[in-house]
Number of protein chains: 2
Amino acid sequence: MLSKTCEYALRAMIYVAQNSQNGTMVNIKEISENIGSPELFIGKILQNLSKQGFLQSSKGRYGGFYIDEKDAKRSLADIVVAIDGDKMFRGCGVGLDYCSEKKPCPIHYEYKEARTAIHNIYKSATLVQFKSLTRDVPVRLKRT
Amino acid sequence: MLSKTCEYALRAMIYVAQNSQNGTMVNIKEISENIGSPELFIGKILQNLSKQGFLQSSKGRYGGFYIDEKDAKRSLADIVVAIDGDKMFRGCGVGLDYCSEKKPCPIHYEYKEARTAIHNIYKSATLVQFKSLTRDVPVRLKRT
DNA sequence: AATAATTAAGACAATTTTGTCTGAATTGAA
DNA sequence: TTCAATTCAGACAAAATTGTCTTAATTATT
Ligand code: SF4
Ligand code: SF4
């Protein structure tokens, strides 16, 4: 489905969004411990997303990553596309290079519909949603 | 979504099913040319599926692969699971190891539903379906 | 029986993805 | 200012996936 890199990215973004309350930055050690990823690898991933404008970063002591209100409105779909591209949302069910509407295969219409449903789910899911959920029901981002 | 290996496998199985009409075997050269895969690689993949009982093979001159009526009733889902496992059909939307019904994340229920829809599509799609379609509307298995 | 054409098997190789290391740059605090 | 803690950048390394080669076994035809 999603690449491992992309899964780490989603979990990390959710975690950072949840913990970007009062201006304090979240560092990669804390992130990796909480989402169950290699520390330096999630660093690389967030560096990339940071350059693409998905979150803010700060070097030096007490530095780390931060997601402000505006960025928390981004959807999971945006993050997925930024890392894995849109193959998951637009690709073919049996791996062809393009989707042939003219000569569709037996699963084409059903597949396309389901694929669109998945896309809509990721598009309408924002980081804020996960953030606001923190209070009463903490989202589990890691196997315990 | 699916691994490249699995995509090759699906396309090859569809092709072989379509061309297993009158007892003649289909060889890997023909298959690879028609589905756009490396010849020896699809050989390996079909060897594997053959050992798992998804199709028949025969060595020697005029040998190749063959899918009989019974095997053509297998679903695409069976093939996917045989190669990629069931991560696509049962995995989490953000990459956790297990699906937590007790503390679901904001996308859990929608995601689960869509994932099940995808699963049902692959489960109900059989090789025969593609086979019977051959006559009037040939399925395109390769980029032209 | 000899030959040509095919899959089977396992080792090997290339590529992509995932993960690590090292040093530089930056930042806040002492 | 100095120091410690952090991200940044790029090279490097390991692992997984994808693809190839070589030889053997098998089969039908001649
Ligand atoms: S018709 Fe089927 S095989 Fe062809 S592009 Fe669409 S989903 Fe893929
Ligand atoms: S609740 Fe959400 S994050 Fe947790 S396992 Fe289900 S889909 Fe994944």
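In what follows, chains are A, B, ... by sequence order, proteins preceding strands, each numbered from 1. Values reported hereafter were calculated over all heavy atoms of this structure, with side chains retained and with hydrogens, waters and symmetry mates removed.
Between B:Met25 atom CE and D:dT27 atom P there is a gap of 11 Å when expressed in whole angstrom units. In this entry the distance linking CD1 of B:Ile28 with C1' of C:dA5 reads 11 Å, nearest Å. Distance A:Ile45 CD1 to C:dT18 C1': 9 Å, rounded to the nearest Å. Atom CD in A:Glu30 sits roughly 10 Å away from atom P in D:dT7 (whole-Å rounding). Between the C1' atom of C:dG19 and the CG atom of A:Asn48 lies a distance of 15 Å, rounded to the nearest Å. Across the protein-nucleic acid pair, B:Ile31 atom CD1 and C:dT6 atom C1' stand 12 Å apart, rounded to whole Å. When the C1' atom of C:dA9 is taken as reference, atom CG of B:Leu46 falls 15 Å away, rounded to whole Å. Regarding B:Asn27, its CG atom lies at a distance of 12 Å from the P atom of C:dA8, rounded to whole Å.
Note on residues 79-88 of chain A: pairs passing salt bridge (Lys or Arg N to Asp or Glu O under 4.0 Å), not counting sequence neighbours, are A:Asp86-A:Arg90, A:Lys87-B:Glu7. Residues in residues 44-76 of chain A take part in no ring pair (Phe, Tyr, Trp, His ring centres under 6.0 Å) pair, two or more places apart or across chains.
Two residues are said to be in side-chain contact when any heavy atoms from C-beta on lie closer than 4.5 Å; A:Phe130 and A:Met13 fail this criterion.
The side chain of A:Ser57 contributes an N or O atom lying less than 4.0 Å from OP1 or OP2 of D:dC8. OP1 or OP2 of D:dG19 has at least one side-chain nitrogen or oxygen of B:Tyr8 nearer than 4.0 Å. Under 4.0 angstrom from either OP1 or OP2 of C:dT17 there lies no side-chain N or O belonging to A:Thr5.
Looking at B:Gln52 and B:Asn48, their side chains do bring a donor and an acceptor atom within 3.5 Å of each other.
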Report, as a single string ordered 5' to 3', how protein heavy atoms within less than 4.0 Å touch nucleotides 20-30 of chain C: B base, S sugar-phosphate only, - not at all.
BB---BBBBS-
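Side chain of B:Thr126 to main chain of B:Lys73: no donor-acceptor pair is present (N/O by atom type, distance under 3.5 Å, no hydrogens or angles).
Salt-bridge formation is detected for the pair B:Glu33/B:Lys29: a Lys NZ or Arg NE/NH1/NH2 atom is positioned less than 4.0 Å from an Asp or Glu carboxylate oxygen.
Place A:Leu2 and B:Gly43 on DNA chain C by their nearest nucleotides, and B:Gly43 ends up nearer the 5' end.
The two residues B:Ala72 and B:Val128 have their closest heavy-atom pair at O-CG2, 2.8 Å.
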